[in-house]
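Structure, as structure tokens:
Letters go in sequence order (proteins before strands), and every chain restarts at 1. Owing to the predicted nature of the structure, the values given are computational and were not obtained by experimental measurement. Just so you know, these numbers use all the heavy atoms, side chains as well, and skip hydrogens, waters and symmetry mates.
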2 protein chains.
Amino acid sequence: MERPKEAHAVVKLAVDLVILTVLDGRLQILVVERGNEPYRGRLALPGGFMRPGEDLPTTAWRELQEETGVGPAHIPHLEQVGAYSEPDRDPRGRVVTIAYLALAPDLPAPTPGSDALNAAWVPAHDILAAPTQLAFDHDTIVADAVEHACAMLEHTTLATAFCTTPFTIGDLKSVYEAVWGVPLDIRNFYRKVRRADGFIEATGEKRASDVGRPAELFRRGLATVINPPMLRTPADSVRPAV
Amino acid sequence: MERPKEAHAVVKLAVDLVILTVLDGRLQILVVERGNEPYRGRLALPGGFMRPGEDLPTTAWRELQEETGVGPAHIPHLEQVGAYSEPDRDPRGRVVTIAYLALAPDLPAPTPGSDALNAAWVPAHDILAAPTQLAFDHDTIVADAVEHACAMLEHTTLATAFCTTPFTIGDLKSVYEAVWGVPLDIRNFYRKVRRADGFIEATGEKRASDVGRPAELFRRGLATVINPPMLRTPADSVRPAV
DNA sequence: ACAATAGTGTCTGTAAGACAGTATTCT
DNA sequence: AGAATACTGTCTTACAGACACTATTGT
């Protein structure tokens, strides 16, 4: 693995977080306004550099905690999306970043961190539609992460991570619709969700809303993969048609 | 993205390659015998450190060229598998590695590189069954990469990357069987492959073997995703039953 | 009663798995 | 003719999409 005659690139390693939630029926991403150069004042993904002794997941969890105030109790899973390594992606020098994806239920309003002027949720589709908004190559990272999330919802039970327990089947359907960006047939959705063993678990309780029949409440099941999978039709895509 | 008051970890970035091929009807992985400490004499994945000015894909292609003598002409695609960052994964110090996956048709016998005593194909199942063979955390990387390859064969046309053009449908079936580790029904396989538009393209030629009816020859089609996908049944897995 | 939301049932097409049979070559 | 490999067709079942209907609440 070594080749001592050759120079090794000197790089800094960072982690960037794509924290997704469903708000107002839309998929939203947590972004911060940068307080330092470069890209001061521009929107960017939360993230930070790896510290000595840390591995990447540790860095990711720490940054998540610092930026949103939530830990593993609220976010069941952090998923690695990929590494971004273009030599000129950061004007300060060689910075390679590893992107992580987190699915969050309705979180407390984000509080700005020490190096961020502001923190806010912005709709994912705004970023994907006009990919020149974010600092660095964060637009690309967002696109990759959202596609990753779409794919995960097909095969894993991670959609429940967007919901606060307990949740209704309607809540869960809203998650799929927001992430995939397509309307789903609620009747077929019911059938598929109930057929998938271990996806959701009835609590026996009901939640009354202002009007209409109260909905049954569920909690996450034990399964992590859905069988049969919840497939989007191939034409569906979260990206706006070109 | 910066937090100047805190120390940043000093790490070196490496790329490791999981180069897969199908040989003797089995999925095989290119490994090298290490010529330097640590793990001198142990088997490991080919790989190397990123050099100044390179991004990760460039490093991966360069290492691929150095280790196997083949370039983009033979390997249509390099796929990023993930980052491995445990602080003590390398006894020399902090080394974070990004794993890449390459699917190769029958290559010339691998030639040892400058830092490798030897290079050879070893069956993937041997490594997965006894995950204590390779240096560093390369057993883990192999497991992740093979799983990645299995998943890619379901949804993409990358199985053709294992075949030298032109190939027969029987050749393609052998690829799926070797990677997934399960026997497939050739009649159903024919149907699925021919239904998937743009997967393979008839050349009109035939290949006569020693005995039996000559097989029709095909080349890769233009599609990159298979629709409908070639799904393995959920019970199937390349990993040996526990 | 009526609006609004929650949930069930049915019909139909597509594709998957299982399996029987036909075609083309060489010896 | 027979062996060996290549290929095609059919039957059944499972699941997806589309759509009509019933159930339970509040006003």
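Going from atom CZ of A/Phe189 over to atom P of C/dG7 covers 12 Å, rounded to whole Å. Look at CG on A/Leu231: it is 13 Å from P on C/dA15, rounded to the nearest Å. The CD1-P distance, from B/Ile186 to D/dA4, rounds to 17 Å in whole Å. Counting to the nearest Å, the P atom of D/dT24 and the CZ atom of A/Arg207 are 20 Å from each other. The CZ-P distance, from B/Phe167 to D/dA6, rounds to 15 Å in whole Å. One can place CG of A/Asp197 at 12 Å from P of D/dC15, the figure rounded to the nearest angstrom. Atoms CD1 (B/Ile226) and P (C/dA15) sit 14 Å apart, rounded to a whole Å. In this entry the distance linking CD1 of B/Ile169 with P of D/dT5 reads 17 Å, nearest Å.
For B/Tyr190, whose side chain is taken as the heavy atoms from C-beta onward, the closest listed nucleotide among D/dT24, D/dC7, D/dA4 is D/dC7. Side-chain atoms of A/Arg195 lie closest to D/dC15 of the nucleotides D/dT8, C/dT24, D/dC15.
When atom types are taken as modelled, the side chain of B/Glu216 and the backbone of B/Lys206 share no donor-acceptor pair closer than 3.5 angstrom. Under a 3.5 Å cut-off, the side chain of B/His148 and the backbone N or O of B/Val81 do not form any donor-acceptor pair.
For the residue pair A/Tyr84 / B/Asp55, no side-chain donor-acceptor distance below 3.5 Å is found, with atom types taken as modelled. B/Thr140 and B/Asp137 form no side-chain donor-acceptor contact under 3.5 Å, judged by distance and modelled atom types alone.
Residue side chain A/Asn188 reaches the base of D/dA18 through a donor-acceptor N/O pair under 3.5 Å, judged by distance alone. Residue-to-nucleotide contacts include no donor-acceptor pair under 3.5 Å from the side chain of B/Arg191 to the base of C/dA15.
Note on B/Glu154 versus B/Arg232: salt bridge recorded, some NZ/NE/NH1/NH2 to OD/OE distance being below 4.0 Å.
Mapped onto DNA chain C by nearest heavy atom, B/Pro229 and B/Arg187 fall at different nucleotides, with B/Pro229 at the one closer to the 5' end. Checking A/Asp185 against A/Gly212, the closest nucleotide of DNA chain C that is more toward the 5' end is the one next to A/Gly212.
The phosphate of C/dG17 (OP1 or OP2) has a side-chain N or O of B/Lys192 nearer than 4.0 angstrom.
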